[in-house]
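Quantities reported herein were computed from a predicted structural model and do not represent experimental measurements. In what follows, chains carry the letters A, B, and so on, assigned in the order in which the sequence lines appear, proteins first and then strands, with residues in each chain numbered from 1.
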Amino acid sequence: MRTSWADLAANSAADNASYANNAGSGNNTSAPPSRPAYVPPHLRNRPPPTAESPAPPPARTGPASGSGTGTGTGTGRWSAPRNEYRSGTGGSGHTSGWGNKSAGWDRGRDREVNPFADQDDSEPAFTDQENTGINFDAYEDIPVETTGENVPPPVNTFAEIDLGEALNENIRRCKYVRPTPVQRNAIPISLAGRDLMACAQTGSGKTAAFCFPIISGIMRGQPMQRPPRGVRTVYPLALVLSPTRELSMQIHEEARKFSYQTGVRVVVAYGGAPINQQLRDLERGVDILVATPGRLVDLLERARVSLQMIRYLALDEADRMLDMGFEPQIRKIVEQMDMPPPGDRQTMLFSATFPREIQRLAADFLSNYIFLAVGRVGSSTDLIDQRVEYVQESDKRSHLMDLLHAQRENGVQGKQALTLVFVETKKGADALEHWLYLNGFPATTIHGDRTQQEREFALRSFKSGNTPILVATDVAARGLDIPHVAHVVNFDLPNDIDDYVHRIGRTGRAGKKGLATAFFNDNNANLARSLADLMQEANQEVPAWLSRYAARSSFGGGRNRRSGGGDRFGGRDFRREGSFSRGGGSDYHSAGNSGGGYGASGGYAGGYGGPGVTSAWD
DNA sequence: AAAAAAC
């Protein structure tokens with residue numbers, strides 16, 4: 001406990017040095033100077049910023065300015081060989097040590113950058129903690145529900161599964177010792193070739209749960225015949241979609257570790273970043289494409305990517321991907337391009353929440369699928385101490401200040417513990433950040449009106465502890481793994497209880513404890529009931545005033561549009577619900593729901609009236 | 001009503 005956060009705080013100061021050391025990789029002393037500007041994966045194939053040339057322009061389209069050392073067979077199809085693509089190629093090759101940070105491959109003799117390089121010596125602040133220190137005791141007695149035909153049995157160890165030598169080695173490098181519950185269950189299912197709809201909390205190893213079978217399957221498959229030269233279209237074998245750019249980046253980084261030296265190539269594509277680097281990455285070969293929908297559609301329309309060869313489709317945060325804003329785009333990608341239909345591909349949907357209506361939509365993408373629900377670490381949100389305080393709009397800022405002061409006193413070694421503050425709007429995020437800044441709090445913000453560079457810098461700065469307060473919109477609500485978030489503040493509560501679930505899930509990760517504070521007032525009346533039920537289910541103390549609100553709002557108002565009860569924390573397979581029990585909540589206790597307590601909240605779901613009523617609310 | 005996601 002003390003070790004990681006204290007060390008993190010201490011080390012974040014030394015971060016510059018470690019970054020330079022890593023980059024130098026023992027072969028140069030002219031590593032980038034002090035400033036360790038974060039270099040996101042898509043920008044990493046660039047020369048280091050130096051004192052003389054502060055930063056490269058964001059887009060570098062033409063052939064690299066770098067000289068062409070090396071033999072470069074097969075590399076420079078469209079331009080001269082680029083030495084920045086082959087970090088330290090050919091023994092003597094030292095481009096800049098910075099090249100070691102680059103994400104990517106050399107074709108030809110496949111010189112792959114080691115994604116574990118960071119963790120070897122000196123960068124504990126940004127690597128280890130997401131893979132280690134998982135409190136496995138918190139995973140005992142996790143309720144698991146699987147429904148569907150011929151469900152493959154779970155495994156208890158990685159050794160029981162034949163994932164292949166190279167992948168096993170990466171699992172070891174990641175310091176994964178035992179599979180988490182979602183991995184124990186999901187991996188055998190997908191190795192058996194089955195489609196899957198899985199409800200499991202992020203931070204419990206979900207990414208690995210879909211990456212391992214994909215990588216293993218690609219390794220086993222026959223090597224794909226490369227399209228003829230000059231044809232710029234690439235044919236990934238697996239597609240992983242996620243709702244935000246930062247989440248796609250995170251998945252990509254993880255997938256790169258899992259696929260290291262397996263011959264399986266992972267490329268990420270998302271908006272807000274220059275497309276040219278992504279195009280080059282694609283041209284160098286892609287087996288697994290991780291993408292956000294907009295950029296992928298762009299690539300498909302440019303015919304730079306074809307989905308014809310897709311064997312695996314994974315949707316992360318799948319309920320989000322299928323909700324109103326995203327559904328048309330996802331349908332276009334999955335149903336109206338050239339992707340093989342369900343049955344001819346393997347489809348895996350993952351999320352922590354899976355509202356019934358969304359399950360219904362998702363079923364279109366699936367074939368004879370298995371529904372898997374894995375209760376949250378600690379079998380609910382036990383690990384997150386949830387508090388709700390009644391705060392008028394006009395008092396929110398001073399109230400937040402009180403919380404932050406308290407948090408500051410809890411800080412370690414002069415560093416505040418990380419606090420993630422969610423607000424409803426982008427403008428509100430900027431305004432709050434500015435106000436915090438004026439009041440001497442080190443805050444930054446992430447939202448969709450910021451440039452991608454700003455977003456990535458903000459996230460990096462927060463993770464490192466340099467800016468221990470992050471004001472965020474829902475862009476940061478889902479999936480992001482930010483170790484050491486001690487406190488999530490719902491400065492503005494969301495309108496949807498599922499969003500609340502995802503937001504507070506940014507803390508209390510990997511079996512560690514977390515704190516979540518929500519500011520509630522009359523504007524949130526419609527959330528009262530679902531919030532009170534949720535908290536009760538998670539063994540939290542529900543303030544009496546909130547219960548009164550909940551009781552009031554239960555007359556007609558207050559049910560959540562999207563979400564029936566029991567969809568949280570694993571939820572339940574909508575196929576199990578008979579036509580009369582659509583109304584939700586009525587048959588939670590039926591046989592087969594092994595969830596001791598989870599998913600069993602009748603509660604606010606009662607009266608949720610199925611499609612008819614849903615449309616009345618919409 | 002807002003947020004996210006392409007240029």
Hits for salt bridge (Lys or Arg N to Asp or Glu O under 4.0 Å) against A/Asp449, two or more places apart or cross-chain, chain-then-number order -> A/Lys426

Nearest whole Å is fine: how far is [N] [atom2] from [X] [atom1]?
| X | N | atom1 | atom2 | value |
| --- | --- | --- | --- | --- |
| A/Arg320 | B/dA2 | CZ | C1' | 10 Å |
| A/Leu247 | B/dA5 | CG | P | 11 Å |
| A/Asp492 | B/dA1 | CG | P | 17 Å |
| A/Lys426 | B/dA5 | NZ | P | 9 Å |
| A/Phe491 | B/dA2 | CZ | P | 18 Å |
| A/Ile333 | B/dA4 | CD1 | P | 18 Å |
| A/Asp323 | B/dA5 | CG | P | 13 Å |
| A/Leu527 | B/dA2 | CG | P | 18 Å |

So, under a plain 3.5 Å distance rule, would you say the side chain of A/Asn495 forms a donor-acceptor pair with the base of B/dA2? no

Report the C-alpha distance between A/Arg356 and A/Gln359 in whole Å, list the side-chain angles of each, state the deciding distance to 0.1 Å, and finish with yes or no for side chain to side chain donor-acceptor pair (under 3.5 Å). CA-CA 5 Å; A/Arg356 184 182 302 104; A/Gln359 289 190 38; over 6 Å; no

Output yes when A/Glu424 and A/Arg503 qualify as a salt bridge under the 4.0 Å nitrogen-oxygen rule, no when they do not. yes

Taking ring pair (Phe, Tyr, Trp, His ring centres under 6.0 Å) as the definition, give me every residue that meets it alongside A/Trp435, ordered by chain and number, with sequence neighbours left out. none

Short side-chain to backbone donor-acceptor contact, A/Ser306 and A/Tyr235, under 3.5 Å: no

Considering just the side-chain nitrogens and oxygens of [X], establish if one lies under 4.0 Å of OP1 or OP2 belonging to [N].
| X | N | answer |
| --- | --- | --- |
| A/Thr292 | B/dA4 | no |
| A/Arg455 | B/dA4 | no |
| A/Thr244 | B/dA5 | no |

Check every atom of B/dA6, B/dA2, B/dA5 against the side chain of A/Tyr270 and return the nucleotide holding the closest atom. B/dA6

Of the listed nucleotides B/dA3, B/dA1, B/dA6, the one nearest the side chain of A/Arg245: B/dA6

Which is true for [X] with a 4.0 Å heavy-atom rule: it touches a base, it touches only sugar-phosphate, or it touches nothing?
| X | answer |
| --- | --- |
| A/Val475 | sugar-phosphate |
| A/Gly448 | sugar-phosphate |
| A/Asp474 | nothing |

